[in-house]
Novice: 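The structure follows.
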Number of protein chains: 2
Amino acid sequence: MKLTATETKFILHWGEMGTRWGINRTVAQVHALLYITGRPVPADEIAETLSVARSNVSTSLRELQGWGLVKVAHLLGDRRDHFETFHDVWAMFKLVAVERKRREVDPTLVMLREALAQAEKDGEKASKERLGHMLEFFETLTEAFEEFVKMSPGALRKVVKYGGKLQKLLGVGT
Amino acid sequence: MKLTATETKFILHWGEMGTRWGINRTVAQVHALLYITGRPVPADEIAETLSVARSNVSTSLRELQGWGLVKVAHLLGDRRDHFETFHDVWAMFKLVAVERKRREVDPTLVMLREALAQAEKDGEKASKERLGHMLEFFETLTEAFEEFVKMSPGALRKVVKYGGKLQKLLGVGT
DNA sequence: CCGTTCTTTCTGTAAGTTATGAAATGTGCA
DNA sequence: TGCACATTTCATAACTTACAGAAAGAACGG
């Protein structure tokens, strides 16, 4: 499969973006390719298009399936697995956000609660206070996040719009 | 400086968390140490406490200052620079969020607009549509983010609370 | 079943990154 | 100005991660 200039640009940028957020470059590129292509693509074609080893593509697809971002499709008369991602960017973003929260934020909450309890027990007043602030922050953020993922983009826009007004009205800006 | 069990736990976890989000482990650990300590600490003490090279601490502190997370303080009768971070977790989170948006999301917006224009020019209808959806998503998210960073935790909680209600009321959930 | 095709797993190596210690530079005091 | 202390820079070593290619495994068709 031959990529257009536009597609190449998008895929490369997406790869770079991935690395900055702790996501493997190839994984991100494969996802970008599937997104921009918009139809099921067999693994060997992905490998050829991106100029990476077939095995690397296999691993990346597995990873993407683990995130729920990619699903397998089959075409009549073709034994090969084909892979596709979703068109709904918002939905994909949520998948990743929810999963990262589960993997990274939730354990942090656990750690903070444990550390706080220990600081309490050991009478470390200063640590306890700071850990408490941190925990409180994470709890607020988590709460906001839970609401956030329930929203559609339209709902989000409305909430933001009214939220800004609400904020001014109530004078809770401080 | 001798760390308590609680402090060690917190610092190590913070370091791991950092690596997962593309932030250097030592950088994150130094920040955690400063946060949990809550007072200005000289660089050599940081190095000793974390068992890392003095030069590594120097680099990490510079990085943290670049993010605006750490500032220098001086103590009377001590020529050494001392370093401290802020107590306000919310404020620090915003600093990082704003900066990462600037460094990573803004260039993505630029790329998407360029790619979209090019797809338009080259008559790539399918690509254009998908890039358009992606751009729209990023624009909505950016907009929401701009409002978000203006809020205090209290304001955020209120907006979330009323936002949920608003959403149901307006039936914009789809 | 056997051969073919497709996919995944495994392993050595390359690439990239991070950390170190030494050297260089900077800073303030006598 | 010279000395002592403090900090930064830099080359290299240590480590980590990513990748390709080989080999094994699975699915299918004849």
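Atom set for the values below is all heavy atoms of this structure, side chains included, hydrogens, waters and symmetry mates excluded. Proteins get letters first, then strands, A, B, ... in listed order; numbering begins at 1 in each.
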Novice: At 4.0 Å (heavy atoms only), tell me whether B/Arg80 reaches a base, stays on the sugar-phosphate, or touches nothing.
Specialist: sugar-phosphate
Novice: Which of the following nucleotides, C/dT18, C/dA22, D/dT7, is nearest to the side chain of B/Ser58?
Specialist: D/dT7
Novice: Output the rounded distance in Å from CG (A/Leu50) to C1' (D/dC19).
Specialist: 14 Å
Novice: If you compare every side-chain N and O of B/Arg54 against the phosphate oxygens of D/dT7 (OP1, OP2), does one of them come in below 4.0 Å?
Specialist: yes
Novice: Looking for any heavy atom pair under 4.0 Å, which part of the strands does B/Asp44 touch: base, sugar-phosphate only, or nothing?
Specialist: nothing
Novice: If only side-chain N and O atoms of A/Asn56 are considered, is one of them under 4.0 Å from the OP1 or OP2 phosphate oxygen of C/dT8?
Specialist: no
Novice: Distance check needed: C/dA19 P versus B/Leu61 CG, whole Å only.
Specialist: 13 Å
Novice: Closest nucleotide of DNA chain C for A/Asp78 versus for A/Arg25: which of these residues is on the 5' side?
Specialist: A/Asp78
Novice: Considering only NZ, NE, NH1 and NH2 on the basic side and carboxylate oxygens on the acidic side, decide whether B/Glu146 and B/Lys101 come within less than 4.0 Å.
Specialist: yes
Novice: Starting at NE2 of A/His74 and ending at P of D/dA27, how long is that distance when rounded to a whole Å?
Specialist: 11 Å
Novice: Just the rounded figure in Å: distance from C1' of C/dA19 to CD of B/Glu63.
Specialist: 14 Å
Novice: Mind checking who shares a hydrophobic cluster with A/Trp21, ILVMFWY linked at side-chain heavy-atom distances under 4.5 Å?
Specialist: A/Met17, B/Met17, B/Trp21
Novice: Kindly indicate whether the side chain of A/Ile46, heavy atoms from C-beta on, has any atom under 4.5 Å from the side chain of A/Leu61.
Specialist: yes
Novice: Looking at the side chain of A/Arg79, which of C/dT18, C/dC6, C/dT9 is the nearest nucleotide?
Specialist: C/dC6
Novice: Separation of A/Glu45 atom CD from C/dC6 atom P, in whole Å?
Specialist: 13 Å
Novice: Atom CD of A/Glu48 and atom P of C/dT7: how far apart are they, to the nearest Å?
Specialist: 14 Å
Novice: Charged N to carboxylate O under 4.0 angstrom, B/Glu104 versus B/Arg100?
Specialist: yes
Novice: With a cut-off of 6.0 Å (strictly less than), are more than 12 heavy atoms of other residues, nucleotides or ligands near CZ of A/Arg113?
Specialist: yes
Novice: Checking all strands, does B/Asp81 fall into the base, sugar-phosphate, or nothing category for heavy-atom contacts under 4.0 angstrom?
Specialist: sugar-phosphate
Novice: Quick check on DNA chain C: between B/Asn24 and A/Pro42, whose nearest nucleotide comes earlier from the 5' end?
Specialist: A/Pro42
Novice: Whole-Å distance between D/dT7 C1' and B/His82 NE2?
Specialist: 14 Å
Novice: For B/Leu76 and C/dG28, what is the distance between atoms CG and P respectively, to the nearest whole Å?
Specialist: 14 Å
Novice: When you measure from the side chain of B/Thr26, which nucleotide among C/dA19, D/dA18, C/dA22 comes out closest?
Specialist: C/dA19
